[in-house]
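For the numbers below, each heavy atom of this structure counts, side chains included, while hydrogens, waters and symmetry mates do not.
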Protein chains: 2
Amino acid sequence: MSTIRDVAKLANVSVATVSRVINANGYVNENTKQKVEEAIKQLNYRPNDVARSLFNGRSKMIALFVPDIQNPFFPELARAVEDMANSRGYTFILCNTDNNNQKEIDYLQALLQKSIDGFIFVSSTIKAEQIENINVPIVAMDRKISPELVSVTVDNRDGARQAVEYLQSIGCKRIGHICGPENVSSSRNRLQGYLDVVKKEDWLTSDFVQVGDHSIQGGLVAAMELLQKNPDIDGIFAANDLMAVGVLKAAEQLGIRVPEQLSVIGFDNTEPGKVTTPQLTTINQPIYDIGKRAAELLIQQIETPDSGIESVIYNVELIVRGSTKPLQS
Amino acid sequence: MSTIRDVAKLANVSVATVSRVINANGYVNENTKQKVEEAIKQLNYRPNDVARSLFNGRSKMIALFVPDIQNPFFPELARAVEDMANSRGYTFILCNTDNNNQKEIDYLQALLQKSIDGFIFVSSTIKAEQIENINVPIVAMDRKISPELVSVTVDNRDGARQAVEYLQSIGCKRIGHICGPENVSSSRNRLQGYLDVVKKEDWLTSDFVQVGDHSIQGGLVAAMELLQKNPDIDGIFAANDLMAVGVLKAAEQLGIRVPEQLSVIGFDNTEPGKVTTPQLTTINQPIYDIGKRAAELLIQQIETPDSGIESVIYNVELIVRGSTKPLQS
DNA sequence: TTGTAAGCGTTATCAG
DNA sequence: CTGATAACGCTTACAA
């Protein structure tokens with residue numbers, strides 16, 4: 001690896017001049033510029049980013065924290081962040097936190113020591129005070145962390161309402177809900193949306209809501225509970241697609257036909273819901289856009305501090321597929 | 001952020017002494033050590049990794065190149081690499097290459113400028129000569145790049161044989177194969193395994209092999225072709241689970257019952273094959289172990305060059321589920 | 001328009 | 001056992 005000094009020597013100029021041409025800043029005579037560029041080419045010189053980072057305290061790296069990339073919701077999000085990071089010249093670092101606060105703190109610390117330029121968090125475990133005196137920009141994605149922190153989310157409550165209203169519109173009379181963990185803001189909002197629609201129904205009891213953990217297995221267990229306690233349920237809204245797939249499995253095990261006897265609806269519009277039989281009716285989130293936007297906002301904050309960034313809330317929409325069907329009456 | 005100089009000042013010692021304490025190397029009096037540690041705690045000092053990297057030319061970062069993290073095969077692999085990297089104190093960088101050689105080269109260049117310590121490649125597009133004078137360790141994973149390069153793979157040919165022999169054992173008489181792209185070493189080996197078993201069958205023609213692109217859609221299209229050209233096919237071995245899911249979809253569209261009329265078998269044992277109806281019979285790869293081992297070998301090469309690393313080949317095993325069933329006769 | 005030199009925060013060498 | 005000090009490779013005053 002050749003250094004700026006090698007280039008300077010070969011071009012018969014000082015390192016300052018080389019630096020000027022590399023960064024296209026400051027005056028430099030067209031002729032010497034040619035000489036320098038020639039030398040750079042000859043030596044196949046590339047500036048050492050570590051030295052640059054040391055000097056200016058910036059690394060051109062951003063990190064994304066997600067609970068677990070093995071959850072099919074996250075790869076597309078990660079992909080979007082990476083693509084945007086890339087196109088703006090940033091290196092992308094992926095951190096799986098397993099919803100473990102200690103891991104988050106450890107990652108945070110380690111990356112700060114590397115002069116990371118910013119963070120995007122998908123987290124329900126980090127506390128606002130743990131990041132309040134971090135002096136690099138942070139954006140919350142998918143889940144809010146605190147009202148003050150810039151975030152990119154969707155209108156979860158409205159999505160849930162759309163889902164439950166749709167179930168009603170096709171004739172469902174008893175609608176259960178499998179919600180996500182209580183500490184996840186999006187789960188709370190989806191539960192809220194469910195309640196908005198059914199709270200005045202006389203059949204509603206706490207037995208119609210079960211908590212799942214966003215996994216297929218969790219959805220299966222919750223659905224079993226739900227269906228056994230309330231045999232008259234004819235519609236289930238699960239807070240994400242994975243749990244909805246679990247509902248499908250539970251129904252299969254119990255010999256309940258979907259959608260003839262039970263309509264099922266998920267949330268997210270991720271891949272698993274497209275390979276089941278029947279395919280899942282769900283609420284679509286613009287996942288790629290969310291990731292892209294979050295990265296964009298982060299980079300804007302990095303490059304233009306105090307440029308007044310606003311949080312973003314995307315709309316969601318119902319996608320009807322085979323797991324829901326108007327009931328015969 | 002305080003520096004080593006602040007610590008030195010507060011503890012009334014030189015920066016050299018502080019450095020010795022931090023790195024636990026060289027002699028330092030127990031008493032002064034206490035003083036220094038005290039000062040470190042008081043200032044909440046953390047060494048600047050960028051400065052360290054500049055000095056010793058190492059960054060404690062490793063990168064993983066995969067075609068696309070949205071393919072469900074890769075998240076588990078990535079997870080394994082990250083976990084191992086973490087446990088050894090390395091930062092993990094994920095790069096999606098889209099099988100695009102230019103992207104690979106660009107990433108390579110960019111990361112080398114950041115003093116990256118090593119690479120793990122899942123690639124069928126990079127050429128051996130493009131990496132031959134990279135002076136950091138490289139490990140190939142899942143796919144071989146060149147015979148000389150250390151790799152961690154599975155016995156694809158044997159896995160394919162197991163799959164096809166199993167189909168024969170349950171009575172399949174005409175077995176088609178959907179293979180992956182020809183430039184992918186694992187695809188070639190799986191095709192080879194398929195041929196090992198059926199090459200002497202008199203019914204075998206080139207119509208029994210279709211090329212897919214490892215996606216559901218690609219599998220669907222290939223299966224359509226296969227089933228229309230050879231209506232008597234009663235078994236299909238797809239080179240990965242995603243394409244096998246496509247086969248299931250094709251069968252559904254054509255009104256062919258699986259497994260009664262057609263047995264289907266995939267490869268990888270990934271999540272999508274577990275949510276279909278029927279669930280997919282497949283060949284299990286120890287995905288997490290592969291990733292973990294590759295990372296381990298890479299780090300070993302980084303920390304102990306010339307320690308004589310050998311390539312690793314894992315065994316695979318058949319997992320029987322609902323998409324295959326002994327034929328009535 | 002160009003060059004000199006200080007400094008970014010560490011580590012390691014070499015005296016003491 | 002401890003302290004100066006010269007690197008690591010780059011950028012940016014400041015001078016010329």
Side-chain angles (χ1 to χ4, degrees), chain A residues 1-37 39-40 43-61 89 109-117 135-136, chain B residues 1-37 39-40 43-61 89 109-117 135-136:
Chain A
M1 276 275 151
S2 43
T3 75
I4 197 172
R5 233 170 289 274
D6 301 324
V7 176
K9 202 162 292 171
L10 184 59
N12 252 303
V13 296
S14 75
V15 295
T17 302
V18 178
S19 178
R20 287 190 195 98
V21 311
I22 295 169
N23 301 295
N25 97 31
Y27 298 97
V28 37
N29 179 297
E30 184 58 34
N31 221 289
T32 59
K33 186 176 157 192
Q34 304 276 323
K35 276 196 309 185
V36 171
E37 279 167 348
I40 288 177
L43 295 171
N44 189 28
Y45 165 76
R46 307 274 172 220
N48 178 324
D49 280 337
V50 178
R52 286 180 154 179
S53 292
L54 178 58
F55 180 82
N56 61 31
R58 303 285 204 75
S59 62
K60 281 265 180 185
M61 302 194 299
Q109 187 57 254
L111 293 170
L112 252 10
Q113 286 184 231
K114 287 192 148 33
S115 297
I116 190 106
D117 292 346
N135 59 358
V136 301
Chain B
M1 274 275 151
S2 42
T3 76
I4 198 172
R5 234 170 287 273
D6 302 323
V7 176
K9 200 162 295 171
L10 184 58
N12 252 303
V13 297
S14 74
V15 295
T17 302
V18 178
S19 180
R20 286 190 195 99
V21 174
I22 296 170
N23 300 295
N25 99 30
Y27 297 96
V28 36
N29 180 297
E30 183 59 33
N31 222 288
T32 60
K33 185 176 158 196
Q34 303 277 322
K35 276 197 306 185
V36 171
E37 279 167 348
I40 289 177
L43 294 171
N44 190 28
Y45 164 78
R46 306 273 171 221
N48 179 323
D49 280 337
V50 177
R52 284 180 157 179
S53 292
L54 177 59
F55 181 83
N56 62 30
R58 302 285 204 74
S59 63
K60 281 265 182 183
M61 301 193 299
Q109 188 55 253
L111 293 170
L112 252 11
Q113 287 184 233
K114 287 193 149 27
S115 297
I116 191 106
D117 292 346
N135 59 357
V136 300

Side-chain donor or acceptor of A/K114 paired with backbone N/O of A/S59 under 3.5 Å
no
Quick one: label A/S19 by what it contacts on the DNA or RNA (base, sugar-phosphate, nothing), any heavy atom closer than 4.0 Å.
base
Rounding to a whole Å, what distance do you find between B/N31:CG and D/dT2:C1'?
14 Å
So, do B/T32 and B/V21 sit near enough that their side-chain heavy atoms are less than 4.5 Å apart?
no
Is B/T3 near enough to C/dG9 that one of its side-chain N or O atoms lies under 4.0 angstrom from OP1 or OP2?
no
Measuring from atom CD of B/Q109 to atom CG of A/N44, what distance do you get when rounded to the nearest 0.5 angstrom?
7.0 Å
When you look at NZ of B/K35, are more than 12 heavy atoms from neighbouring residues, nucleotides or ligands closer to it than 6.0 Å?
yes
Without decimals, in angstroms, what is the distance between A/R5 CZ and D/dC10 P?
8 Å
Could you check which of D/dG9, C/dT11, D/dT11 has an atom nearest any side-chain atom of B/F55?
C/dT11
Output the single nucleotide from D/dT11, C/dT11, D/dT2 whose closest atom is nearest the side chain of A/V15.
D/dT11
Measure from the side chain of B/A16, starting at C-beta and using heavy atoms only, and say which of C/dT10, C/dG3, D/dA4 lies closest.
D/dA4
It should be established whether A/N56 places a side-chain nitrogen or oxygen under 4.0 Å from OP1 or OP2 of nucleotide D/dC10.
no
Among D/dC8, D/dC10, C/dT10, find the nucleotide with the atom closest to the side chain of B/Y45.
C/dT10
Mind calculating the distance between NZ (A/K33) and P (C/dT2) to the nearest angstrom?
12 Å
Considering only heavy atoms from C-beta outward, does the side chain of A/V13 approach that of A/V18 to under 4.5 Å?
yes
Answer with base, sugar-phosphate or nothing: what part of the nucleic acid does B/R58 contact at a heavy-atom distance below 4.0 Å?
nothing
Mark yes or no for a side-chain to base donor-acceptor pair under 3.5 Å between A/R20 and C/dG3, with no hydrogen or angle criteria applied.
yes
Separation of C/dC8 C1' from B/I4 CD1 (nearest whole Å)
14 Å
Tell me what A/N25 touches on the nucleic acid: a base, only sugar-phosphate, or nothing, going by heavy atoms under 4.0 Å.
sugar-phosphate
Measure the shortest side-chain to side-chain distance between A/Q113 and B/P47 over non-hydrogen atoms and say whether it is less than 4.5 angstrom.
yes
What is the distance from CZ of A/R52 to C1' of C/dG9, rounded to the nearest Å?
19 Å
Can you tell me if the side-chain N/O atoms of B/T17 get under 4.0 Å from OP1 or OP2 in D/dT2?
no
Of the nucleotides C/dT11, C/dG9, C/dA12, which one has an atom closest to the side chain of B/A51?
C/dG9
Which is true for A/D49 with a 4.0 Å heavy-atom rule: it touches a base, it touches only sugar-phosphate, or it touches nothing?
nothing
Under 4.0 Å, counting only non-hydrogen atoms across every strand here, what does B/V13 touch: a base, just sugar-phosphate, or nothing?
sugar-phosphate
So, OP1 or OP2 of C/dG3: does either fall under 4.0 Å of a side-chain N or O from A/Y27?
no
Between C/dC8 atom P and A/N48 atom CG, what is the distance in whole Å?
18 Å
Categorize B/T32 for me: base, sugar-phosphate, or nothing, with a 4.0 angstrom heavy-atom threshold over every strand shown.
sugar-phosphate
